[in-house]
Amino acid sequence: MIVIAPDSYKGTMSAIEVCEIIKNEFLKVDSTLEIKCVPIADGGEGTVDALLFNGGERISVKAKDPFFNEIDSFYGILPDGTAVIEMAAASGLPLAGDKKNPMLTTTYGTGQLILDALDRGCRKILIGVGGSATNDGGIGCAAALGARFLDAGGKEVPLCGGGMIKVDRIDLSGIDSRIKDTDIEVLCDVVSPLYGESGAAYIFAPQKGADADMVKALDDGLRKLAEVTARTIGTDNALNEGAGAAGGLGFGLISFLGARLVKGAPTVLKTMDFPKIAAESELVVTGEGCMDNQSLLGKAPAQVAALSGDTPVIAIVGMSKVTDMSGSKIKKIYVTDHDVRTFEQVLLECRSDLAMAAHKVAVEWFSK
């Protein structure tokens, strides 16, 4: 059996597309090949589709977008009942359009997705936190599940980035009781703490529409939220690695819902039972849009290689900037990009480029 397990080629092709193109070219060279496609993801966009590729159900649900408008959203339920949520499906940056403003955006819709999963009986939930439009410390998400965030006068604060600075008291008594019986894992490769120069606001808020004054205000709000939260739950999670993920949603999920932060790609792969699949195969083919030395140190293709045991692993990539293969379990890298081109040209030609590269790989490995 040949296993095809690529990440997406960011900005051009989904992991599922990449799988299908490589599979088709391999079968042209040897139609007898047994091929299993295992599209992978690291907790960002495409995680739900990747995990549902070999079984499960995509759930459509109404939820609030980053500005509290009702939209059609989704998540997945795997055959074992595990729910898989991409926070970006309700609270993602593309949903903010040209109105990006992390002082006003909320994770409330993400909480609604969690609530729907609870209603359907899910007691294990994976939450990918990539691609957020938000910087609300997770107060919107927690509020959708019954938490209350109150100001000094006892009124509920706005459930957005600008509301955090007003939080004086947190009431968690109304949190959905099913949460305590639910295992929530947050797929997170970000190591930023909640606040400070390396925290959620200073590192990530500018790309969500924040100017310098807004960054300062958001950071002050995160500090205030952390102070009140520590007083409420008796634990300070603000400096935990990953607390700053998704504008502090990582912090909120840990502190208000008892979640655990885990590495994205390894968790996705283990959920797919990838180590067993790889052990039963004769070759694993992985890939991504651009592979560099950092990719070999822990990004999704490196995780594929690490979990493949003694099975040889090769990579087909759009572009390679790898200068040092030492220590990598990837045996060989094949590159689809054959010339310097504009991104518009790459968009037009990436699929045919990948097909040609995959065909050459198949000839080298499988031709009789």
Side-chain angles (χ1 to χ4, degrees), residues 3-19 21-22 38-47 50 88 93 128-131 187-192 198 203-204 206-207 241-242 244-246 262-269 274 278 283-308 311-358 360-361 364-365:
V3 175
I4 303 173
D7 198 355
S8 64
Y9 284 32
K10 296 288 193 293
T12 57
M13 295 175 285
S14 71
I16 293 173
E17 280 186 283
V18 174
C19 279
I21 291 169
I22 295 174
V38 186
I40 60 174
D42 59 7
E45 182 183 359
T47 297
L93 194 58
V129 292
L187 307 178
C188 174
D189 294 322
V190 169
V191 297
S192 297
S198 58
I203 298 298
F204 300 111
Q207 68 197 42
E241 285 193 357
V262 297
K263 294 296 184 183
T267 302
V268 169
L269 287 163
F274 182 81
L283 177 70
V284 173
V285 182
T286 188
E288 63 182 342
C290 180
M291 182 169 282
D292 54 22
N293 291 337
Q294 185 181 0
S295 301
L296 299 179
L297 293 176
K299 288 190 177 179
Q303 298 298 333
V304 167
L307 294 172
S308 291
T311 304
V313 180
I314 63 173
I316 305 175
V317 305
M319 180 187 303
S320 175
K321 297 180 180 179
V322 174
T323 58
D324 183 7
M325 291 283 287
S326 63
S328 172
K329 292 191 65 178
I330 296 176
K331 294 176 66 69
K332 190 171 181 179
I333 298 172
Y334 298 84
V335 180
T336 71
D337 197 1
H338 53 76
D339 199 1
V340 176
R341 292 168 292 175
T342 64
F343 182 67
E344 288 72 21
Q345 288 175 300
V346 172
L347 277 176
L348 289 172
E349 300 169 6
C350 61
R351 290 164 183 81
S352 59
D353 287 347
L354 176 59
M356 286 189 289
K360 290 178 182 177
V361 170
E364 181 176 329
W365 285 80

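No experiment lies behind these values; they were computed from the predicted model shown. Numbers here simply count residues along the sequence, with the first being 1.
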| query | What residues, two or more places apart in sequence or in another chain, satisfy side chain to side chain contact (heavy atoms under 4.5 Å, CB included) together with K263? | reply |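 Here the qualifying residues are D189, V191, P266.
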| Near E241 CD, under 6.0 Å, is it more than 12 heavy atoms from other residues, nucleotides or ligands? |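 Not more than 12 within 6.0 Å, no.
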Roughly how far, to the nearest 0.5 Å, is [atom2] of [Y] from [atom1] of [X]?
{"X": "I316", "Y": "M291", "atom1": "CD1", "atom2": "CE", "answer": "10.5 Å"}
{"X": "Y9", "Y": "T336", "atom1": "OH", "atom2": "OG1", "answer": "6.0 Å"}
{"X": "K329", "Y": "T286", "atom1": "NZ", "atom2": "OG1", "answer": "13.0 Å"}
{"X": "T311", "Y": "L283", "atom1": "OG1", "atom2": "CG", "answer": "8.5 Å"}

If I compare all heavy atoms of [X] with all of [Y], which pair ends up nearest, and what's the gap?
{"X": "D7", "Y": "E288", "value": "CB-CB, 4.3 Å"}
{"X": "G287", "Y": "V317", "value": "CA-CG1, 4.3 Å"}
{"X": "G130", "Y": "A88", "value": "O-CB, 3.5 Å"}
{"X": "I314", "Y": "W365", "value": "CG2-CZ2, 3.5 Å"}
{"X": "M13", "Y": "V18", "value": "CB-CG2, 3.9 Å"}
{"X": "V322", "Y": "N293", "value": "CA-OD1, 3.5 Å"}

Taking the side chain as C-beta and beyond, is there a heavy-atom pair between [X] and [Y] under 4.5 Å?
{"X": "V361", "Y": "V285", "value": "no"}
{"X": "V3", "Y": "F274", "value": "yes"}
{"X": "P6", "Y": "C19", "value": "yes"}
{"X": "I333", "Y": "M325", "value": "yes"}
{"X": "L187", "Y": "V129", "value": "no"}
{"X": "F204", "Y": "S192", "value": "yes"}
{"X": "V38", "Y": "I4", "value": "no"}
{"X": "E364", "Y": "K332", "value": "yes"}

| Is the backbone N or O of G44 less than 3.5 Å from a side-chain atom of D42, with the two atoms forming a donor-acceptor pair by type? | yes
| request: Using modelled atom types only, decide if a donor and an acceptor are shared between the side chain of S14 and the backbone of E17 within a distance under 3.5 Å. | output: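 At least one qualifying donor-acceptor pair exists.
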| query | Please, which pairs that meet salt bridge (Lys or Arg N to Asp or Glu O under 4.0 Å) have at least one residue in residues 290-304, sequence neighbours excluded? | reply | none
